Amino acid sequence: MNEMNRLIIATGNTHKTEEIRKLLGSIFESIEDLQSYPEIGEIGEIGSTFGENAELKAIEVGKLLGNSAIILSDDSGLEVDALNGAPGVRSARFSGKNANDASNRKKLLDELEEIGVHGEFRVARFRCVMVLARGDQTLAVFNGVVEGKIADKEKGESGFGYDSIFIPQGYDKTFAELPSHTKNTISHRANALAAFKTWLLDPDSVK
Ligand code: ITT
């Protein structure tokens, strides 16, 4: 198989992989993630921006897998204006060492409650930076954003992470209440992948 037809997603988060698979359709002959490479352990996300962490993940995996595939990483998270951009790059570990999605959501809702920020003042956005690499070379960087606000409480069952407390702009339901195809049309990840698809057609068009 030509290495450009083989895509490895540099993530251990299967929810991300599932969304990326749906959005890329049959563009690639094969899409795998790090579940297929258990020998690649956790990659330290020591960068201070989404871009730095996305690059760390893509290049680390690229170096280990050589030129046999192209690597796409996804570093993403939620920025809340009333919390000065937190949780931001710390979204996955917002509530500390043993953080999980539920404890992270609870900490976010508790902090907004504590400072008395409600309704329209809960301005937030999801951000996603993807880095495409082959071996130790970065081929391109793709950015995606979706604006919205934080709900007053958790609503909905679908999705993952902060989906049940994020209401995208123009809607009155959380990502976890909306159909997955709606999230996959407007999300930060969908926007970054749209840029990736444009790059695949014409690499010079995306800077
Ligand atoms: P990898 O680093 O292995 O890709 P991760 O889940 O640790 O997996 P990040 O470091 O990028 O990924 O952290 C992303 C955080 O933001 C994590 O808490 C996610 O739950 C959350 N997040 C990202 N995209 C999201 C989405 O579409 N919906 C809800 N939460 C999301």
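Bear in mind the structure is a predicted one, so any value in this text is a computation, not a measurement. Both counts, for ligands and for their atoms, begin at 1 and track the order of listing.
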for atom 3 (O) of ligand 1, nearest protein heavy atom and its distance come out as Gly12 N, 2.9 Å

Minimum non-hydrogen distance to atom 14 (C) of ligand 1, winning option of Ser187, Ser76, Ala10, Ser91
Ser76

Step-by-step side-chain contact (heavy atoms from CB on, under 4.5 Å) determination, Tyr37 to Ile8
CA-CA 10 Å; Tyr37 298 90; Ile8 312 285; 3.6 Å; yes

Which atoms of ligand 1 are found less than 4.0 Å from any heavy atom of Asp74?
4 (O), 11 (O)

Does some non-hydrogen atom of Lys183 fall short of 4.0 Å from ligand 1?
yes

Below 4.0 angstrom, N of the basic side chain to O of the carboxylate: do Lys107 and Glu111 qualify?
yes

Between the side chains of Asp136 and Lys63, is the shortest nitrogen-to-carboxylate-oxygen separation below 4.0 Å, so that they form an ion pair?
no

Just heavy atoms, cut-off under 4.0 Å: does His15 contact ligand 1 by side chain, backbone, both, or neither?
neither

Identify, for atom 28 (N) of ligand 1, the protein heavy atom at the shortest distance, and state residue, atom and that distance.
Asp163 OD1, 2.6 Å

Considering the options Met130, Lys57, Glu55, which one meets the side-chain contact (heavy atoms from CB on, under 4.5 Å) requirement together with Asp75?
Lys57

Near Glu45, which atoms of ligand 1 are under 4.0 Å from a heavy atom of that residue?
2 (O), 10 (O)

Please check if atom CD1 in Ile115 has more than 12 non-hydrogen atoms from other residues, nucleotides or ligands closer than 6.0 Å.
yes

The closest protein heavy-atom partner of atom 21 (C) of ligand 1 is Tyr162 CD1, 3.8 Å

Modelled atom types, side-chain donor and acceptor of Asp33 and Thr11, under 3.5 Å
no

Arg189 vs Asp74, side-chain contact (heavy atoms from CB on, under 4.5 Å): CA-CA, chis, key distance, verdict
CA-CA 8 Å; Arg189 188 159 295 108; Asp74 168 321; 2.5 Å; yes

Whether over 12 other heavy atoms sit under 6.0 Å from Lys197 NZ
yes

Which heavy atom of the protein is the closest neighbour of atom 6 (O) of ligand 1, given with residue, atom name and distance?
Asn13 ND2, 2.9 Å

Candidate with minimal heavy-atom separation from atom 13 (O) of ligand 1, of Ala92, Gly77, Gly88
Ala92

Please work out whether any backbone atom (N, CA, C, O) or any side-chain heavy atom from C-beta onward of Asp101 is under 4.0 Å from ligand 1, and answer side chain, backbone, both or neither.
side chain

Any idea which protein heavy atom is nearest atom 9 (P) of ligand 1, and the distance to it?
Lys16 NZ, 3.5 Å

Students often mix this up, so state it plainly: with edges at 30° and 60°, are the rings of His188 and Phe175 parallel, tilted or perpendicular?
parallel

So, 4.0 Å and heavy atoms of Arg93: is ligand 1 close enough to count as a contact?
no

Which heavy atom of Phe166 sits nearest a heavy atom of Val146, and at what distance?
CZ-O, 3.6 Å

What protein heavy atom lies closest to atom 20 (O) of ligand 1? Include the residue and the distance to one decimal.
Gly161 CA, 3.3 Å

the protein heavy atom lying closest to atom 24 (N) of ligand 1 turns out to be Arg189 NH2, 2.9 Å

